[in-house]
Amino acid sequence: MRKPVIAGNWKLYKTIAESVALVHELIPLVVGNQRVDIVVAPVFTALSRVSDAVEGSHIMLASQDCYWEEEGAFTGEVAPKLLKDAGCSYVIIGHSERRQYFGESDLTVNKKIKAAIAAGLRAIVCVGESLAERESDQTFAVIETQLKGGLADISEEAFSHIIIAYEPVWAIGTGKTATDAQAQEVHAFIRQLIARLVGQPIADAVRILYGGSVKPDNVKGLMTQPDIDGALVGGASLKAESFAAIANF
Ligand code: PEP
């Protein structure tokens, strides 16, 4: 009942020409696959051209971040409505790299989610624990704090525009994936937490993606878990063949 989402986070990789070439390669490899929502998140400068390149296909476009104000004296920032204007339908918010290197907090995540949804975007909201937090049994507490803060005062209606991505920081870009059981355990916890916060029907409907070294050879095991509804893919999304193999799991 929850349509899977496979989203590719291209991080700070690829020129405009390389980004367009990647989607041109990707489109024929996923053309018959309507059973998953496929999303790609290029760098800001490539968004508009990639938007033109995916037109007519079922690949959708995301940005990797946004600001929460609509306009003003905010040098260097990009407003959700401008991302929509560039062709985005999704925005990734609170990625661990933004939390780690750019001071993203649960409060800024919350502001960005509200602004993104108000502008008509869907938010892919990332949460996840560090290795030290997992090893000291803090995983559930960390996820609960991130979700309660990030999703504070979000209306029930807005939840239909939110996707959660559970990305254990120790699994991102490291080649170390969470086991199927480790990932499922946290996904089930997230769904129960959302049920506590906004009710079971919303929790049953919300899509929860796993992210952290997802590859063609481990996606299937993850996707057979009852609470895993897709993947947020970094490294393996940079090549059409591996990303298509994940999307066509
Ligand atoms: C990511 O960037 O969100 C990610 C999960 O990266 P990787 O797949 O490379 O671990």
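Note that the coordinates shown come from a computational prediction; the quantities given were computed from them, not determined experimentally. Whatever order the structure lists ligands and atoms in, that order sets their numbers, starting from 1.
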Worksheet entry | Atom-level proximity to ligand 1, residues with heavy atom under 4.0 Å | Asn9, Lys11, His95, Glu167, Ala171, Ile172, Gly173, Gly211, Gly212, Ser213, Leu232, Val233, Gly234, Gly235

Only distances under 3.5 Å count here; give the side-chain donor-acceptor pairs of residues 35-43 to other protein atoms, sequence neighbours excluded, each with its distance to 0.1 Å.
| from | atom 1 | to | atom 2 | distance (Å) |
| --- | --- | --- | --- | --- |
| Arg35 | NH2 | Phe249 | O | 2.7 |
| Asp37 | OD1 | Lys3 | NZ | 3.1 |
| Asp37 | OD2 | Arg207 | NH1 | 2.8 |

Worksheet item: Just checking, is any N or O donor in the side chain of Glu104 or Thr108 under 3.5 Å from an acceptor N or O on the other one?
Response: yes

Discussion item. Please enumerate all residues that pass side-chain hydrogen bond (donor to acceptor under 3.5 Å, both in side chains) together with Asp85, with sequence neighbours excluded.
Written reply: none

Would you be so kind as to tabulate the donor-acceptor pairs closer than 3.5 Å made by side chains of residues 163-171, with sequence neighbours excluded?
| from | atom 1 | to | atom 2 | distance (Å) |
| --- | --- | --- | --- | --- |
| Tyr166 | OH | Glu129 | OE1 | 2.9 |
| Tyr166 | OH | Glu129 | OE2 | 2.9 |
| Tyr166 | OH | Arg134 | NH2 | 3.3 |
| Glu167 | OE1 | His95 | NE2 | 3.3 |
| Trp170 | NE1 | Glu129 | OE2 | 2.9 |

Practice prompt. For Ala236 and Ser242, work out which heavy atoms get closest and say how close.
Written response: O-OG, 2.8 Å

Item to complete: Indicate whether any N or O donor in one side chain lies under 3.5 Å from an N or O acceptor in the other, for Gln146 and Asp106.
Response: no

